[in-house]
Amino acid sequence: MAFVRVSNLKKTYGDVTAVDDISFDIQKGEIFGFLGPNGAGKTSTVNMMIGLSRPTAGDVVIDGIDVRRKPKQAQAIMGIVADESNLYKDMDGFENLCFCAALYGMRKEERELRARQLLEQFRLKEAGRRPFKAYSKGMRRKLTIAAALIHSPRILFLDEPTTGIDVESSRQIREMIVKLKEQGTTVFLTTHHIEEAERICDRIAFIAKGQIVASGTVAELMQRISLDRAIHFVTGIQDDEFAFELQKNFEGSQVERKSDHSLVMRLQERLELFPVMEFFHHHGVAVYEAKELRPSLEDVFVRLTGIESSILKKEKGGGK
Amino acid sequence: MTSLIAYWNILKKDVKYYYLKPPNISWGIIFPLSWTLMQLIRSPGGSILELLPGLISMSVLFGTTSMLAVTITFERSDRSFERLLLAPISLHTMVLAKISGAIVFGILNAFVPVFFASFFVHLHEVDWKLVLPAVLMIAVTSTLLGLLIAVTAKQVFEAQTFSNLFRFPMLFLSGLFIPIKDLPRFLQPIAYCIPLTYGTDVIKGAFIGANVLSPMLSFGALSAFAIGLFIISLKNIHKKWIL
Ligand SMILES: Nc1ncnc2c1ncn2[C@@H]1O[C@H](COP(=O)(O)OP(=O)(O)OP(=O)(O)O)[C@@H](O)[C@H]1O
Ligand SMILES: [Mg+2]
């Protein structure tokens with residue numbers, strides 16, 4: 001049984017269908033990524049999953065708990081990071097964390113111990129006594145994530161955790177997420193950064209206009225579209241004749257010589273490398289490097305959704 | 001246990017960060033104070049005891065409604081309120097925690113005019129056993145009224161405007177300063193639809209024996225208002241806050 005099961009979830013606001021009959025499963029300990037452009041329905045989906053908004057139709061079951069029927073029971077095992085850093089502005093970092101811990105019924109000593117641990121872990125120790133409103137954007141984001149982890153949730157929801165955050169803070173946040181997964185926490189993450197999804201998610205769902213267009217591991221998504229396989233060889237001296245021989249010898253391949261002592265060999269199917277290397281060796285051509293030229297996830301996204309990837313990369317509200 | 005810890009900490013936070021903030025304290029003290037002084041200056045001498053019940057009710061009404069409207073709408077606009085909605089505690093507990101602070105604040109406000117009046121008149125003949133529960137019930141019902149406004153309003157400004165829209169007519173309709181029997185006939189039934197009317201009546205009885213209704217009846221009405229308003233508010237919250 002999947003840890004999270006979302007079935008036929010739907011949300012309409014008046015005439016607008018924000019989420020249009022989506023279903024997916026998340027396994028325990030997995031990082032599941034929801035990748036889509038602005039207005040795709042990511043936040044609407046998250047809000048229904050966490051019990052902050054009522055589905056128009058459909059069900060969400062998390063760890064065997066029906067979120068619609070028992071939202072409070074489900075919320076006890078969730079950590080939630082909203083798309084905005086929404087802690088208390090006048091409270092300092094430490095107080096914010098302690099207060100959030102209290103909302104989950106943690107006792108004083110436990111609250112303070114955990115708050116200190118998290119401040120340290122998120123490299124916010126010095127900022128712990130400063131009010132939240134004096135934090136930089138990256139620090140706010142990190143404290144908001146720390147607050148969501150205060151009660152050691154079994155599942156963490158992150159709505160665009162790195163949007164509008166600098167490179168270093170984003171990197172730290174991603175590192176954190178991967179560490180959590182290693183400790184067994186299940187993570188549901190929405191993002192519009194393809195590279196982010198590709199780098200840390202075990203499985204990804206592409207969402208556009210409220211519908212899941214495709215989902216699977218990065219490898220599975222790559223297979224959804226048939227792109228040529230290509231291998232790039234960095235070689236010693238060779239010539240056109242060698243390239244021609246190579247192509248002739250390996251049926252179905254296409255070999256292209258590049259100007260910088262290298263070759264690209266394209267095939268429809270997977271290529272076994274050993275015979276190719278032997279061929280190189282036999283002809284006295286040294287090979288220094290061989291690497292697969294993979295289609296990027298971005299190529300797959302664009303093909304499957306028909307959405308230009310530049311739309312995805314645009315930050316909300318211009319360059320904030 | 002979770003509920004108790006959460007309840008206590010929400011209350012503590014609100015007191016520390018909203019109720020004890022200088023502008024709010026001064027609003028709570030200066031407003032009742034200036035009214036008290038104004039009335040004392042206007043009619044010095046014996047009538048203080050007659051005025052005090054109205055001043056007490058008014059202080060409670062203003063203290064509670066303004067605070068709640070601000071604390072809730074403020075947290076809603078910066079979205080920290082979502083944390084409370086998402087905490088694993090029942091909506092009742094959360095709402096009770098939010099209104100408890102306002103109720104306590106309102107009760108303390110009630111004693112600002114009492115404190116200042118005590119310099120001018122003797123208050124030892126007042127029946128405090130009636131005043132205290134009446135003040136409590138006024139605080140509870142006006143807080144719930146404030147909650148109703150806070151649920152409806154989207155902005156702090158809107159909440160304040162709304163609450164003034166209700167508060168000022170209430171001052172004049174609930175017998176605080178103008179006896180209900182002196183109101184135009186068609187307004188008199190409206191007076192009895194306002195919880196403040198019943199609370200003020202009990203206090204008037206306790207101060208100068210000038211109650212129109214029996215205290216039992218008044219407390220009954222106040223309890224009914226409190227329960228009704230609490231239920232309506234919870235329903236509204238479900239409808240408006242969990243979209
Ligand atoms: N409360 C609401 N009332 C009306 N329409 C809404 C509401 N919330 C969302 N929508 C609409 O639903 C659609 C999906 O919005 P949603 O916020 O879920 O998208 P998103 O994928 O999170 O986008 P973003 O990347 O901008 O955060 C949008 O068209 C949006 O305008
Ligand atoms: Mg969103």
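As the structure is a prediction and not an experimental result, all values here were calculated from the model. Order of the sequence lines sets the chain letters (A, B, ...), proteins ahead of strands, with each chain counted from 1.
The number of heavy atoms from other shown groups lying within 6.0 Å of CD (A:Gln183) is above 12. Residue-environment remark: CZ (B:Phe166) stays at or below the threshold of 12 foreign heavy atoms within 6.0 Å. Counting heavy-atom neighbours within 6.0 Å of B:Trp128 CH2, excluding the residue itself, gives a total above 12. With a 6.0 Å radius and a threshold of 12 heavy atoms from other residues, nucleotides or ligands, A:Lys209 has its NZ atom at or below the threshold. Within 6.0 Å of the NZ atom in A:Lys125, the count of heavy atoms belonging to other residues, nucleotides or ligands does not exceed 12. Heavy atoms from other residues, nucleotides or ligands lying under 6.0 Å from NZ of A:Lys72 number more than 12. Within a 6.0 Å sphere centred on CE of B:Met216, heavy atoms belonging to other residues, nucleotides or ligands number 12 at most.
By the 4.5 Å heavy-atom criterion applied to side chains, B:Lys16 and A:Met91 are not counted as neighbours. The side-chain heavy atoms of A:Phe99 and B:Ile10, taken from C-beta on, include a pair separated by under 4.5 Å. No side-chain heavy atom of B:Thr2 sits under 4.5 Å from any side-chain heavy atom of A:Met106. When side chains are defined from C-beta on, A:Glu95 counts as touching B:Tyr17, because their heavy atoms get closer than 4.5 Å. Between A:Arg54 and B:Lys239 there is no side-chain heavy-atom pair separated by less than 4.5 Å. Put simply, the side chain of A:Asn86 does not reach to within 4.5 Å of the side chain of B:Asp78, judged on heavy atoms. Counting heavy atoms from C-beta on, the side chains of A:Leu52 and B:Glu82 come closer than 4.5 Å.
In plain terms, the two heavy atoms of A:Arg111 and B:Ile5 that are nearest each other are NH1-CG2, 3.4 Å.
Ranked by non-hydrogen atom pairs under 4.5 Å with chain A, the options B:Leu86, B:Asn9, B:Leu84 are led by B:Leu86.
The line from CG of A:Leu103 to CE of B:Met94 is 10.0 Å long, rounded to the nearest 0.5 Å. If you take CZ on B:Arg83 and OG1 on A:Thr144, they are separated by 6.0 Å, rounding to the nearest 0.5 Å.
With a 4.5 Å cut-off on non-hydrogen atoms, B:Leu4 does not touch chain A at all. If you measure heavy-atom distances from A:Cys100 to chain B, the contacts under 4.5 Å come from the side chain alone.
One finds a salt bridge joining A:Asp83 and B:Arg79 here, because a Lys/Arg side-chain nitrogen approaches an Asp/Glu carboxylate oxygen to under 4.0 Å.
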